[in-house]
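Here is the naming used below: chain letters follow the sequence lines, and residue numbers restart at 1 for every chain. Because only heavy atoms are used, hydrogens play no part in the values below, and waters and symmetry mates are left out as well, while side chains stay in.
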Amino acid sequence: MDLITAPTTTATNSEVRVRFCPSPTGTPHVGLVRTALFNWAYARKTGGKFIFRIEDTDASRDSEESYEQIVEALRWLGLDWDEGIDVGGPNEPYRQSQRTEIYQEVIAKLKAAGHLYESYLSGEEIEARNLAAGRDPKMGYDNSERDLSDSERQRYIDEGREPALRLRVPDQDISFTDLVRGEITFPKGSFPDFVLVRPGGQPLYTLVNPVDDALMGITHVLRGEDLLSSTPRQIALYNALYDVGVAKFIPQFGHLPFVMGEGNKKLSKRNPESNLFLHRDRGFIPEGLLNYLALLGWSIAADRDIFSLEELKANFDVASVNPNPARFDQKKADAINSAHIRMLEDEDFANRVLPYLKSEGLISDQPTERELAIIRAAAPLLKERMIVLSESVGMLGFLLSEKAELEFEAEALASLDATAHDVVKAAHQVLQSVSNFAAEDIQAALNLELVEKMELKPRVAFGPVRVAVSGRRVTPPLFESMEILGKELTLARLEAFLQAH
RNA sequence: GGCCCCAUCGUUUAGCGGCCUAGGACGCUGCCCUCUCACGGCAGUAGCGCGGGUUCAAAUCCCGCUGGGGUCACCA
């Protein structure tokens, strides 16, 4: 039993089972999200199942906080799962830290069948052996304990040593057909017998990840390219698991390209743009972020790059994933997000903006009717000119404030010239006589007075008025803004401006 | 270093032997629209890493080179 004989899965469509299995060791990362997204999309496209499992076997690095953040991230993004964390399923529990008994059973089976063997050598000793044999000391383990005699073993035990457990790797080339890269072959001898269980019995990722995939019936493993070279190891393990009846087949593998940052480096936790929650705080909406992430390695059509999650679900295919790494481009991401913001219904948009306004104290925790009315009225104006939702703070501040006196941006004041006072004065005067204070009438009145009678260029006429009303140089359209403010407050703002400037 | 992966405009992506004097998008530039900013419209900018093959024909297939990346843990 030292050749790969286990069959590869033949699962199709509704039998597809994919999984997302992060280890909770930090803030959710956009690369992680992209992996989750592709797995999710593949499950939805095929009508298969998406399983969400947590790989928390390294107590020293895992944290409960990170675990909660990952769950929160998937929920926020709307990537729902059919089995796993919180929702349960036939393969509970879905946290590896709670599955130790299962692993011990599997270990016992593998050991009994002769697939594992005890390894007592330390890292230094392995290096020393390589050195002594004239090999590169970095060459790794030489499989020298495969057939330890009883007396040799006893000697180690007498020294108080505890063995790690290694897999007896078949001595043959290992090939598989990668879903995104095609056929890949690793020549025999590419890697040594590797450790699956620590001295003391604690199982490692190298064991636990394939074991859970096998027990959970995972048919397609879509994961980062960094795991490509561990695939032949896993296939070797699968073969052993198949032999002892734990695995029914070897899954298909697909290795997704990296998401890169600046330069030519993988986007790391160092890069702020890797942090999912930073994007959320800036005001990315899930639709926009997911759309952009999907574009990193995949495309829906030759001439289109804005699409909905529904369209992703209907069209996604692993086979069409591009194998080369993609850089995360904030500008492009912004453009995609702003397109999705524009597609939002006004009411939906208004609701999504609330948290940003609350966190800046622009509105109450329980928004008043007045606040809600202003936000709703401004929604269609705002949607068109926002890249991220947090911009709503600057755009809405002057509309939500009930004060006549404003704080003026330096930039806004700098845009004023000597005529500003007179212009605002004229505007104040003519607006008093506008009885129906609606955008159209406001515009008509101001246009007649400032542009026609005073013969000012529109931008010269309306610029100072905009500053007087908003304190800003860039705002939603002026006349609509005045309508939202109402006649009284508009006039009060103009008056306050005249007194101060 | 061994093994593995990758290679089209600045970025992303289309292209899977002839529809390619290489298409879209973002970015950038100019113009138009215009009360600011956006949106929208129009125009422009810029690319098949190199060398060999195969073929009537190659961005597309093969080989080599170069360059980039990953991995070789008792981490995941």
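- Take A:Asn291 and apply the side-chain hydrogen bond (donor to acceptor under 3.5 Å, both in side chains) test, not counting sequence neighbours, and it matches A:His340.
- The same atom, P, is picked in B:C50 and in B:A76; the two are 44 Å apart, to the nearest Å.
- Contacts of A:Arg472 with the nucleic acid, taken as non-hydrogen atoms under 4.0 Å apart, are absent.
- Backbone-only engagement by A:Arg327 is indicated by non-hydrogen atom pairs under 4.0 Å involving sugar-phosphate atoms exclusively.
- B:G1 and B:C72 make up a base pair, with Watson-Crick or G-U wobble contacts both under 3.5 Å.
- Within the 4.0 angstrom heavy-atom criterion, base atoms lie near A:Arg466.
- Looking at heavy-atom distances under 4.0 Å, A:Pro323 makes contact with sugar-phosphate atoms alone, never a base.
- A gap of 35 Å separates the C1' atoms of B:G1 and B:G47, to the nearest Å.
- Residue-level contact check: A:Phe191 touches neither bases nor backbone, having no heavy atom under 4.0 Å from any strand.
- Nucleotide B:C56: paired with B:G18 (Watson-Crick or G-U wobble, both distances less than 3.5 Å).
- When each of A:Asp226 and A:Pro187 is assigned the nucleotide of RNA chain B with its nearest heavy atom, A:Pro187 is the one assigned upstream, toward the 5' end.
- Looking only at atom types and distance, the side chain of A:Thr185 has no donor-acceptor partner in the side chain of A:Asp173 under 3.5 Å away.
- Residues from residues 330-340 of chain A that place a heavy atom under 4.0 Å from any atom of RNA chain B, listed by number: A:Lys331, A:Lys332, A:Ala335.
- Under the Watson-Crick or G-U wobble criterion, with both distances below 3.5 Å, B:G40 is paired with B:C32.
- Spacing between B:G18 and B:G23 at atom P, rounded to whole Å, works out to 16 Å.
- Pair check for B:G10 finds B:C26; Watson-Crick or G-U wobble, both atom distances under 3.5 Å.
- Straight-line distance between the P atoms of B:G69 and B:U8: roughly 15 Å, to the nearest whole Å.
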I'd like a table of donor-acceptor pairs (distance under 3.5 Å, sequence neighbours excluded) in which one partner is a side-chain atom from residues 437-448 of chain A, with atom names and distances.
residue, atom, partner, partner atom, Å
A:Asp441, OD1, A:Asn436, ND2, 3.4

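- The aromatic rings of A:Trp298 and A:Phe316 are tilted relative to each other, their planes meeting at an angle between 30° and 60°.
- With RNA chain B read from its 5' end, the first of the two nearest nucleotides for A:Asp329 and A:Met395 is the one closest to A:Asp329.
- Using a 4.0 Å cut-off on heavy atoms, the residues of residues 475-487 of chain A that approach RNA chain B are A:Thr475, A:Pro476, A:Pro477, A:Leu478, A:Phe479, A:Glu480, listed by number.
- Cation-pi geometry between A:Arg472 and A:Phe398 is not satisfied (NZ or CZ under 6.0 Å from the ring centre, within 45° of the ring normal).
- In this structure the side chain of A:Leu293 never reaches within 4.5 angstrom of the side chain of A:Phe38, judged on heavy atoms.
- Mapping heavy-atom proximity under 4.0 Å, the span of RNA chain B touched by chain A runs 5' to 3' from B:C3 to B:A76.
- Tested against A:Leu267, the residues A:Arg34, A:Arg327, A:Glu273 include a single side chain to side chain contact (heavy atoms under 4.5 Å, CB included) partner, A:Glu273.
- Sorted by first then second residue, the side chain to side chain donor-acceptor pair (under 3.5 Å) pairs that include residues 380-399 of chain A, not counting sequence neighbours, are A:Asp346-A:Lys383.
- Using a 4.0 Å heavy-atom criterion, one finds that A:Thr57 contacts the sugar-phosphate atoms exclusively.
- If you take atom C1' in B:G17 and the same atom in B:A58, they sit 6 Å apart, rounded to whole Å.
- When the P atom is compared between B:U60 and B:C16, the two are found 12 Å apart, to the nearest whole Å.
- Here the separation of B:G49 from B:G41, taken at their C1' atoms, is 37 Å to the nearest Å.
- Residue-level contact check: A:Leu121 touches the bases, meaning some heavy atom is under 4.0 Å from a base atom.
- If you check the side chains of A:Asp329 and A:Tyr292, you find no donor sitting under 3.5 Å from an acceptor.
- Rounded to whole Å, the C1' atom of B:C3 lies 22 Å from the corresponding atom of B:C62.
- Pairing of B:G64, defined by two Watson-Crick or G-U wobble distances under 3.5 Å, is identified with B:C50.
- At the heavy-atom level, A:Gly297 lies under 4.0 Å from the strands shown only through sugar-phosphate atoms.
- If you check every strand for non-hydrogen atoms under 4.0 Å, A:Asp136 touches nothing.
- Using a 4.5 Å heavy-atom cutoff, the side chains of A:Ile250 and A:Phe176 are not in contact.
- When only modelled atom types and interatomic distance are considered, A:Ser415 and A:Arg473 share no side-chain donor-acceptor pair under 3.5 Å.
- Taken to the nearest 0.5 Å, the CZ atom of A:Arg95 stands 8.5 Å off from the CG atom of A:Asp62.
- Distance alone, capped at 3.5 Å, is enough to place a donor-acceptor pair between the A:Thr206 side chain and the A:Val195 backbone.
- Nucleic acid contact class of A:Leu227 (heavy atoms, under 4.0 Å, all strands): base.
- Within the 4.0 angstrom heavy-atom criterion, only backbone atoms of the sugar-phosphate kind lie near A:Thr185; the bases stay farther away.
- Side-chain contact, A:Arg61 with A:Thr25: no donor N or O sits under 3.5 Å from an acceptor N or O.
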